[in-house]
Amino acid sequence: MRRVAIMKYPGTNCENETLYAVRNVSKLDGKVVWHPDFKAREWDAVVLPGGFSYGDYGRAGLIASWSKASRELLNAFDYGLPILGICNGFQVLSELGILPGNLLYNASAKFIAKWVNVKFHNPRGPWLSLISDGEVLPMPIAHAEGRYYIDDVEPIIGEPWAEYLENPNGSIQSIAGVSRKGGVALGIMPHPERATFPWQSLKYTTGGRRIFESIGESLRRGW
Amino acid sequence: MPLTSFEIGYAQEALGRRLTREELVLLEAEWSEHCSYKSTREELKRLKTEAPLVIVGPGRDAGAIKLFDDVAIIARIESHNHPSALDPYNGAATGVGGIVRDVISLGAKPVLLADALYMGSGRTRHSRWLSKNIIRGISDYGNRLGIPTATGLAWFSEAYEKQPLINVACVGIAKPEGILPGSVKPGDPIIMLGNTTGRDGFLGSSFASKPLDESDVAAIQVGNPFIEKLIIEALTEAFDKKLLSLVKDLGGGGLGTAIVETAAQNDVGVVIHLDRVHLREPDLEPFEIIASESQERMIVVPRNEGALGELFSIFDKYGLEYSVIGYFSKERKVKMLFRGLPVVDLPVGLAVSPPKTPREVLGREPCNKEAPMLRNIDLKEAVVKVLSSPRVSLKAVIYEQYDWGVGGRTSLPPGYGDSAVIWLMDNTKRGFAVAVRGNPGYTRLDPFVGAAISFAEAYRRVASVGAEPLAALDNINSGNPEKPEQHYYTLRMIEGIAHASQALNLPVIGGNVSLYNEDESGSMIDPVASVLVIGRIEDVTKALTTIPIGDSPLVLAGDTKTELGGSEVQRVLLGRGYGRPPEFKPIEEKRLGIFAKEVSEKGIANAAHSVSLGGVVATAFKMAYKGGVGVTIESTAICDCDPVEALFSESQARILYEVKREKLQDFLSLAKAFDIKAGVIGNTLKDERLFRLTHRSNKIMELGFEDVSEALEGLENLG
């Protein structure tokens with residue numbers, strides 16, 4: 001069975017539910033890996049889950065990006081290992097330079113936890129292979145530093161990317177997620193692992209499930 | 001509050017010598033109201049605390065019940081009122097920190113936070129500053145721990161303008177056999193884990209045991225959620241490897257109190273080397289080390305000596321500081337040394353037994369004026385005023401700052417259900433429900449009935465989603481026990497909780513009493529009892545939300561009487577509550593609870609909402625607004641009385657249902673079988689987004705969504 005590492009830094013919060021989704025929806029062999037022990041070559045994909053790595057001191061994701069795991073991640077990105085950053089994981093990947101742009105404090109200057117509708121553009125690559133272009137998937141967000149900013153959005157919207165239908169945090173171009181290498185490395189602020197089973201959402205559909213199904217299919221059949 | 005000369009004399013006589021400075025500090029903390037419950041200990045014995053499901057009752061850091069044969073629930077509630085009045089951000093944040101440590105002390109994984117906040121009117125700058133920072137404190141601390149704050153209550157009133165009440169609760173899960181015994185034996189080493197000990201929070205428990213004084217700001221603890229998160233992670237790993245026999249939070253009273261309580265519970269003595277404690281400032285005096293309430297510190301005792309090495313390597317992995325500070329001994333004495341010299345040498349028995357403090361109680365019921373009649377009022381104005389009351393209006397501005405979904409277990413988030421429903425995420429659909437309630441409007445008028453109603457409302461909110469209530473926790477917030485007219489409220493609230501726990505047959509597995517909530521002029525806040533109820537749900541997918549889907553009958557289950565005493569409509573129209581609160585109806589509540597569970601299991605309703613503040617009209621309009629559907633209600637179907645009384649009555653033991661149209665007969669027959677009064681009182685609409693009220697089929701009021709959106713979402717200005 002293909003193996004997925006769930007990276008854990010001090011302060012990571014969402015590793016258990018991410019692992020649960022990888023095992024039960026992607027049907028892959030997942031394991032939580034303590035960051036200094038992460039060896040990219042041992043894995044078929046890696047997820048950086050949400051949380052407050054190192055208490056988000058300085059800037060969200062900053063200190064985690066100094067971890068020993070970062071060299072492994074940069075190297076893995078070079079050779080094309082599928083990498084997904086969710087929320088704090090996205091912040092780490094953006095600090096590392098694997099994903100472009102920056103995540104700033106929300107325009108409201110508050111933590112925001114609510115359901116949002118996320119529209120996926122040009123979906124392809126291992127994490128989005130089962131999603132169709134323009135498909136809208138509801139998922140919750142939960143962050144204080146999620147206002148995406150970049151000087152030039154043109155290169156972003158040429159790749160697979162995600163857009164909030166109603167901008168909750170002031171992100172430029174309502175950007176909720178960005179990717180590189182055709183979606184092989186993806187970062188999104190919303191939490192797909194919290195929208196994977198119907199009883200996690202009741203009124204809402206299981207918007208996040210498609211991402212976990214995609215990576216399962218992709219690792220078994222290619223993308 | 002410092003020891004009285006009587007208490008000092010009592011201790012010195014027992015010892016036959018003068019107390020050292022360190023002993024004075026230790027006893028001041030240990031004998032404080034906060035730690036010893038000296039004013040309420042006797043009364044609290046009247047609570048029902050036993051039931052077959054109870055694994056750990058009141059007395060330890062948290063209580064525990066068996067949820068399923070293979071799952072235990074561990075829970076605790078505590079107030080952080082005094083610190084939050086002076087430093088709302090840190091006060092509220094460290095309240096969260098403390099309650100979480102209490103729950104992990106039993107070997108649990110914390111999975112839910114709940115808060116009951118009683119805050120100022122929002123009309124003064126000071127009260128807005130307090131509430132904003134209280135909410136931010138809970139948000140910053142709870143979110144960083146990765147524990148969802150998924151239910152709670154927010155009350156606003158001038159009574160809390162300068163002195164808010166912050167009650168926070170934490171619920172954890174564990175395997176029943178994984179609950180730590182909490183026992184130690186002579187020779188066991190004592191490890192202090194976590195944050196350094198500094199000067200913050202010095203004698204905080206003593207400060208919480210007297211009226212407020214702004215010069216006490218040094219007694220407030222400052223929190224560091226990142227360290228707490230690492231402690232949770234490290235201890236979870238240690239629990240999995242069965243390395244520990246005892247974990248205890250250093251909470252109110254600090255190291256001294258934690259050590260003394262552990263020794264007393266285990267019938268052993270203890271020897272502590274204070275100079276081994278890792279410090280923030282190197283020049284801390286021994287008495288400061290004893291009483292510091294620096295946060296994120298715990299005492300841990302390994303299961304056996306062989307566990308030490310593995311334990312230390314786990315702490316090292318997470319970069320946590322720790323020190324071995326002493327050991328438990330055979331001789332039943334508390335001995336503390338500093339650089340080899342004894343500074344404390346007290347019999348354990350003396351340290352935990354303050355001399356009896358006689359409290360006087362003014363034994364008469366408060367005389368409540370009867371209310372002026374509320375008839376022939378402008379109904380539209382009354383409805384808009386009730387909906388725009390911050391106590392009634394929507395609370396999204398608060399709970400959207402809380403990470404209610406972290407953990408992936410939240411099946412019913414705040415704002416969508418009468419209680420939080422948490423899925424166990426264990427390859428089943430099992431879960432539990434939690435609700436917390438408190439109504440100072442009622443307890444001010446009648447502390448006994450008011451406290452019982454808090455209990456009933458939390459009970460009903462757990463039942464209405466479809467869960468079976470199993471256990472409760474209570475938090476009493478009241479005035480100065482040295483003043484008989486204030487202490488009356490404290491004791492009557494405890495009696496109300498005791499009565500409700502017996503009548504509803506639900507054990508109370510833990511609680512907290514916060515006294516001295518009075519301002520510098522000596523006037524008391526509105527006293528209130530927060531009650532949290534935990535229930536079991538076999539299948540979280542069957543939990544009922546409060547969100548209607550439209551075009552379906554609205555059915556009110558339960559009997560409506562003309563009970564406007566202490567109601568929201570009185571407060572918004574007359575400026576305060578009058579008369580008596582509604583009747584507490586335990587037999588009806590129990591019957592309604594079992595009925596509600598059947599309704600959810602049979603799947604015959606779309607939505608359910610317990611009727612409380614603002615009566616049927618506020619309950620129905622809020623449901624409809626959130627569902628984006630209109631609603632029409634006939635007042636005589638609620639109660640054949642004056643429309644104001646029918647619409648705004650806060651009679652207890654009622655749930656408003658949106659019933660599936662094709663299941664209406666099934667629903668009504670089921671209600672009949674349970675001998676519950678139930679009738680169709682109106683309909684939800686599909687295309688019209690409006691609220692309509694009729695009386696004998698004549699339209700008496702109509703409002704569009706746009707007329708009330710400002711009212712319902714008015715809290716935006718506060719947060």
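Naming convention: chains lettered A, B, ... in sequence-line order (proteins, then strands); numbering from 1 in each chain. Quick note: numbers below take in every heavy atom, side chains included, and nothing from hydrogens, waters or symmetry partners.
With a 4.5 angstrom heavy-atom cutoff, A:Tyr57 touches chain B only via side-chain atoms. B:Asp140 does not touch chain A: none of its heavy atoms, backbone or side chain, sits under 4.5 Å away. For chain B, the nearby part of A:Pro140 is the side chain; its heavy atoms alone come within less than 4.5 Å. In this structure, chain A has a heavy atom under 4.5 Å from the side chain of B:Lys109, while its backbone stays farther away. Interface remark: B:Lys429 contributes side-chain atoms only to the contact with chain A (heavy atom separation under 4.5 Å). For A:Thr18, no part sits under 4.5 Å from any heavy atom of chain B, backbone or side chain.
Taking chain A as the reference chain and counting heavy-atom pairs below 4.5 Å, the highest number among B:Gly407, B:Gly146, B:Ser139, B:Gly319 is found for B:Gly407. Ranked by non-hydrogen atom pairs under 4.5 Å with chain A, the options B:Gly417, B:Gly408, B:Gly415 are led by B:Gly408. Counting heavy-atom pairs closer than 4.5 Å to chain A, the top residue among B:Leu230, B:Asn427, B:Ile147, B:Ile227 is B:Asn427. Here B:Glu400 is the residue among B:Arg136, B:Glu400, B:Lys229 with the most heavy-atom pairs under 4.5 Å with chain A.
Here A:Arg2 pairs with A:Asp44 in a salt bridge; the nearest charged N to carboxylate O distance falls below 4.0 Å. Under a 4.0 Å N-O distance rule, the pair A:Lys8/A:Glu15 qualifies as a salt bridge.
Within 6.0 Å of atom NZ in B:Lys660, more than 12 heavy atoms from other residues, nucleotides or ligands are found, so the atom counts as buried in its surroundings. No more than 12 heavy atoms of other residues, nucleotides or ligands lie within 6.0 Å of CZ in A:Arg71, so this atom counts as exposed by the packing criterion. A 6.0 Å sphere centred on NZ of A:Lys39 holds more than 12 heavy atoms belonging to other residues, nucleotides or ligands.
The ring of B:Tyr402 has its center no closer than 6.0 angstrom to the ring center of B:Trp404.
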Step by step, work out the ring pair (Phe, Tyr, Trp, His ring centres under 6.0 Å) result for A:Tyr20 and B:Trp423. CA-CA 13 Å; A:Tyr20 195 89; B:Trp423 167 46; 5.5 Å; yes

